[in-house]
Amino acid sequence: MQRTRDFHYRSVHDRDAFWREEASRIHWETPFESVLDFSRPPFAKWFVGGRTNLCYNAVDRWLPTQADKPALIWVSTEVDREQVYTRQDVFEEVNAAAAMLRELGVGRGDRVLLYMPMVPEAVFTMLACARIGAVHSVVFGGFASVNLAQRIDDAAPKVVVCTDGGSRAGKVVPYKPLLDRALGLAKSPPASVVVFDRGLAPFEPVAGRDLDYASLRERHRGARVPVEWLESSEPSYILYTSGTTGRPKGVQRDTGGYAVALASSMEYLFDGRPGDTYFCTSDIGWVVGHSYIVYGPLIGGQATILYEGTPVRPDGAILWKLVEQFGVNTLFSAPTAVRVLKRQDPALLRKHDLSTLRAVYLAGEPLDEPTAQWISEGLGKPIIDNYWQTESGWPILSAQPGVEKVPTRFGSPSFPVYGFDARIVSESNGEDLGPDQKGVVAIVPPLPPGAMSTIWGDDERFVQTYFTSIPGRQVYSTFDWGLVDADGYWFILGRTDDVINVAGHRLGTREIEESVNSHNGIAECAVVGVADPLKGQVAMAFAVLKNPAGADTPEGAKQLEGDIMRLVEEQLGAVARPARIRFVGALPKTRSGKVLRRAIVAVCEARDPGDLTTMEDPNALEQIKESLQ
Ligand code: ATP
Ligand code: MG
């Protein structure tokens, strides 16, 4: 791994030269004057004075070589549609959308909020915003009115673009009534709402406010909207964090740094090249979707698949069918999707020709070793666990096969990505920790190109939230706990507020989960620390079985609980053994598929679980409650 190390070393110690080279991957209308302005730490400004545009780099720039090649491939198993847009088609659509926004008075720096499912018009609108220098804020379509209203108030958009509805697992989800309610709650709602009517959920347009996307597009068909050249640090978008731990933060991203970071990652992280096909199963409402459904692949000259559907409809082979059909080279998904597949017939993984596929990237949550191994063996492909955050914009830790092919290890997202000066630091004195010592994953600023520049409208909160929690030094805290082993492989052990203290022993809930998951009857589990009068805290485990019949009887459940406890004890020692293991049908998750441990703890401690607006399925929390009786 020497090459990876050297490469990383250069990226943080010879920063100017390194990033100057990388910056040449994108088009600069005006060259930058300096690589970095870090005169006001922790704020970093990359490529100062350079003027560029995300839309130009994603679309226009590839027209001379790729006008007729697929750029956006839309597949919806929800409404049974497939549509391939060439780069030229995307160019036309984006220009029409940009003209539409301009007609509504949207200009440079104005915000546009999108509340849309996985439809091409959402991508066109995002790129149209970028083209005219407007700041988009995409709100995940699964969010309810309250979440949406919060974000509307924070971003203060001039226009909202939405659809009549979406569809999830075959069921229509009306969006428009949710938006109308949110606009009723919002303090200063925008004057115009553009509705892309899919004919899914009938609605009554609000006179004088609601406009029809299709009519506007028709009117502006063939329009050519000039690119607005933005200074590198001007904002490209605002994206709210998932809200797993509380009130979401509006992450603000720059323009030039983001374009450079993504362009470089297409080669170094994904080992990809122009002309490839990239398939990311995330949603445009999340950071992974922004970076690797929309901007990354398009800036890298690749075709991107926009998939509206689940991994198991019409059956558990759908992802692999699409890989074969479109010759996918890179697949990016999430552990939660793999855990869903784990409950399906493993033969489905081998049903299709996957010869074009180089590797499968997974991010968003801890990827436990048994799950990683299951999917890796099932597919016969490398699995690349990569760790990042909405804040970072692109991976902080990952294997970098385009730099060097170093063997990965299950359970580890490998090594710090170039540009990220990542450290494991002591929570008590801020010092760097050595191999195998558990500490907080921190990043020494400046944060690299592509990472958040601030919290929207609140520089103070940016500094306070991220740069003041580690004593003695100004470093960015990820609020995740980790360690580096003696060979240099990194491990994420859970969020800092998930660390539990059992009779004086500090344990990461992640480690215990990993151990519970190694029992072959388990599909997934959540371990939380619950207050205990004697031990301070005890671990409680909630597990979902691959086959629910395994714990149907009280005796069966008792037996299984005993087996798993013994397993954890063997692997981690008696202190780590959960006080109880309860079997449930589902775990409470956020709409991005992350386990809401905070809510589980509250229920276990008979407290009010607090803000549950980001939760996907309230019934899962009920099941936890019932399982405790
Ligand atoms: P909020 O910050 O609002 O509570 P969130 O942290 O869930 O929400 P995201 O930015 O979507 O919002 O998630 C980033 C977090 O997800 C990381 O800080 C980490 O806890 C977890 N995570 C992401 N990828 C991985 C991974 N590969 N391994 C372990 N954990 C991961
Ligand atoms: Mg977070």
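Along the sequence shown, the residues carry numbers beginning at 1. Here the structure is a predicted model, which is why all the values come from computation and not from measurement. Just so you know, ligand 1 is whichever comes first in the structure, and atom 1 is the first atom listed for that ligand.
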What are the atoms of ligand 1, with element, lying closer than 4.0 Å to any heavy atom of Asn386? 24 (N), 26 (C), 27 (N)
Examine Arg253 relative to Tyr258 and say whether NZ or CZ is less than 6.0 Å from the centre of the six-membered ring and inside a 45° cone about the ring axis. yes
Checking the N or O distance criterion of under 3.5 Å, is ligand 1 in contact with Arg510? no
Taking the ring of His290 and the ring of Tyr237, is the distance between their centroids below 6.0 Å? yes
Suppose I only count heavy atoms of Asp385 and a 4.0 Å limit; which atoms of ligand 1 are within that range? 26 (C), 27 (N)
Any non-hydrogen side-chain atom of Arg423 less than 4.5 Å from a side-chain atom of Val475? no
Please confirm whether the ring centroid of Tyr115 lies under 6.0 Å from the ring centroid of Tyr175. yes
Mind checking whether Phe462 and Phe467 have ring centres under 6.0 Å apart? yes
Take Thr390 and Tyr240 through the side chain to side chain donor-acceptor pair (under 3.5 Å) test and state the conclusion after the steps. CA-CA 8 Å; Thr390 308; Tyr240 295 87; over 6 Å; no
Geometric cation-pi criterion, Arg151 with Phe143: 6.0 Å, 45°: yes
Atom indices of ligand 1, in the order listed, that fall short of 4.0 Å to a heavy atom of Asp480: 17 (C), 18 (O), 19 (C), 20 (O)
Lys594 and ligand 1 - part of the residue with a heavy-atom distance under 4.0 Å: side chain
Per-atom contacts of ligand 1 with Arg495, taking only distances under 4.0 Å to non-hydrogen atoms: 4 (O), 5 (P), 6 (O), 7 (O), 15 (C), 16 (O), 20 (O)
Is it the side chain, the backbone, both or neither of Pro413 that has a heavy atom closer than 4.0 Å to ligand 1? neither
Side chain, backbone, both or neither: which part of Thr390 comes within less than 4.0 Å of ligand 1 when only heavy atoms are counted? both
Considering only heavy atoms, does Val287 approach ligand 1 within less than 4.0 Å through its side chain, its backbone, both, or neither? neither
Part of Phe479 with heavy atoms under 4.0 Å of ligand 1, whether side chain, backbone, both or neither: neither
